[in-house]
Amino acid sequence: MPFLYQTFYNFRNLKNDTLDLSNKEIYFVGQNGQGKSNILESLYYAAYGISFRTHQDAQIVKKGEKDFSINAFYKNGEDSSQKISVIFENGKKRIEKNGKKIQDRKELINTIPCILFCHDDMRFATGEPECRRFFIDQSLTLYDSLYIDDMRNYKKVLKSRNLILKSKQYEMLEVYDGQLAGYGLVIQDKRKKAIFQFNQIFGKIFEDITGISGVQIVYEPSWKVQNATGENFFPATQDIVSLLLSRRAQDQLMETTMSGPHRDKIFFVKDGQNFIQTASTGQCRLISLLLRVAQAIYYTRATGLKPVLLMDDVLLELDPDKRARLTGMLPEYEQLFCTFLPGEPYQRYMHDTTKVYTIEKGEWHEG
């Protein structure tokens with residue numbers, strides 16, 4: 001599962017060459033804009049067949065070129081070496097595993113599981129509800145291929161239902177309501193269980209770093225059904241169909257589906273209050289970092305596998321004490337890749353197994 005080496009061809013500004021990745025920890029050091037993040041992007045791209053920086057593969061091609069490719073060689077078992085290739089040519093992407101074309105990116109799950117830490121993670125704390133939904137969904141799709149199908153099916157039905165609402169063909173809603181309820185309840189149940197597991201991890205590590213206790217993640221599903229005494233209970237499909245029917249007038253007025261997992265909310269709460277509303281910028285940054293730590297632990301507990309950690313300039317905004325605490329409490333990993341600016345004290349975090357590459361204008365050399 002760990003990377004052994006990777007080859008590049010016209011991938012952003014990186015030189016067309018082979019990069020040795022066989023160490024347990026590898027640090028990429030260089031000024032901004034030299035290619036450090038491009039290397040992490042290539043590793044993520046090999047692991048999942050998609051970039052974490054753009055949805056347009058054509059934007060990855062080196063300036064002046066038309067195609068690109070990467071080949072990731074990784075260790076599988078004690079002695080076995082395997083290869084994942086991602087080729088973009090003639091405007092189309094092709095992914096191969098050991099020379100065999102992959103039909104669906106979900107086939108890559110658990111091949112080289114990567115947990116990415118990046119500056120944009122701040123949105124998990126301070127962004128819109130969809131950002132936190134994305135984080136939980138991503139945590140589940142890291143290992144549960146069925147959840148990928150659940151999400152795809154739900155989105156497909158949701159899109160059809162919204163088209164019906166816009167076209168005012170209301171007689172067809174009954175059919176789609178049952179499908180939406182069925183797929184949506186599966187998503188809601190898995191999110192609820194995932195957030196319960198996250199709370200066993202996140203609160204403790206946040207307290208260990210900050211000294212602040214009692215911070216929890218609270219899940220508020222859009223679909224809530226109460227019994228005769230006013231208590232919420234986990235509904236059946238027919239309960240949600242009835243709920244959708246009771247809200248149909250609003251959906252018709254807005255010409256869109258106003259309830260369902262796509263409207264779920266997730267909060268960070270302390271003492272019954274929304275913690276983010278009073279948290280400092282530094283605390284919000286820590287929340288985003290520690291969510292990734294919790295994600296790695298959650299993944300390992302779910303699968304028994306250790307992930308590869310990709311950390312892209314995420315320690316810059318932490319004071320030295322919190323940097324030391326965070327690096328000292330990183331979860332077990334198969335490999336660790338970090339980017340640093342030249343002035344950062346990265347030597348403090350090194351191990352005997354750490355290799356350092358200096359990156360300049362898309363080229364690298366040791367030391």
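Not measured: the values here are computed from a predicted model.
- Y170 and D251 are not linked by any side-chain donor-acceptor pair at a separation below 3.5 angstrom, with hydrogens and angles left out of the test.
- For an aromatic pair to be called close, the ring centres must be under 6.0 Å apart, and F73 with F3 fails this.
- Shown here for V225 and P235, the closest heavy-atom pair between the two residues is CG2-CB, 3.8 Å.
- Ion pairing between R325 and D321 holds under the 4.0 Å rule for side-chain N and carboxylate O.
- Counting only N and O atoms by type, the side chains of N38 and N13 include a donor and acceptor under 3.5 Å apart.
- Under the ring-ring contact (aromatic ring centres under 6.0 Å, His included) criterion, Y349 pairs with no residue at all, not counting sequence neighbours.
- Under the rule for a side-chain contact (heavy atoms from CB on, under 4.5 Å), the partners of H365 that lie at least two apart in sequence or sit in another chain are T358.
- Every side-chain contact (heavy atoms from CB on, under 4.5 Å) that Q82 has, sequence neighbours left out, goes to Y74, N76, S80, K97, N98.
- Scanning for ring-ring contact (aromatic ring centres under 6.0 Å, His included) contacts around F134 gives an empty result, with sequence neighbours left out.
- Evaluation of the side-chain hydrogen bond (donor to acceptor under 3.5 Å, both in side chains) test over residues 262-273, restricted to residues two or more places apart or in two chains, returns Y154-H262, R191-D264, Y219-D264.
- You'll find the ring centres of F206 and F202 inside the 6.0 Å limit.
- Residues F52 and Y44 bring their aromatic ring centres within 6.0 Å.
- For the residue pair Q138 / Q295, a side-chain donor-acceptor distance below 3.5 Å is found, with atom types taken as modelled.
- Of the charged side-chain nitrogens involved, at least one lies within less than 4.0 Å of a carboxylate oxygen, so that K322 and D319 count as a salt-bridged pair.
- Contact annotation: the side chain of I240 never approaches that of T237 to less than 4.5 Å [non-hydrogen atoms, C-beta and beyond].
- Using a 4.5 Å cut-off on side-chain heavy atoms (C-beta onward), L244 and R161 make contact.
- Tested against Y298, the residues F198, F196, F135 include a single ring-ring contact (aromatic ring centres under 6.0 Å, His included) partner, F198.
- Between K204 and D208 there is a salt bridge, with a side-chain nitrogen of the basic residue lying less than 4.0 Å from a carboxylate oxygen of the acidic one.
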**Asked** After noting the C-alpha distance and the side-chain angles of E220 and K192, does the key distance pass the salt bridge (Lys or Arg N to Asp or Glu O under 4.0 Å) rule?
**Response** CA-CA 9 Å; E220 186 177 295; K192 180 180 179 182; over 6 Å; no
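- Ring pair F88/Y9: centre-to-centre distance not below 6.0 Å.
- K36 forms no cation-pi arrangement with W364, by the criterion of a distance under 6.0 Å to the ring centre and an angle within 45° of the ring axis.
- Among residues two or more places apart in sequence or in another chain, the side-chain contact (heavy atoms from CB on, under 4.5 Å) test is passed with M350 by Y27, Y346, Q347, T354, V356.
- Minimum heavy-atom separation, K93 to I50: NZ-CA, 4.4 Å.
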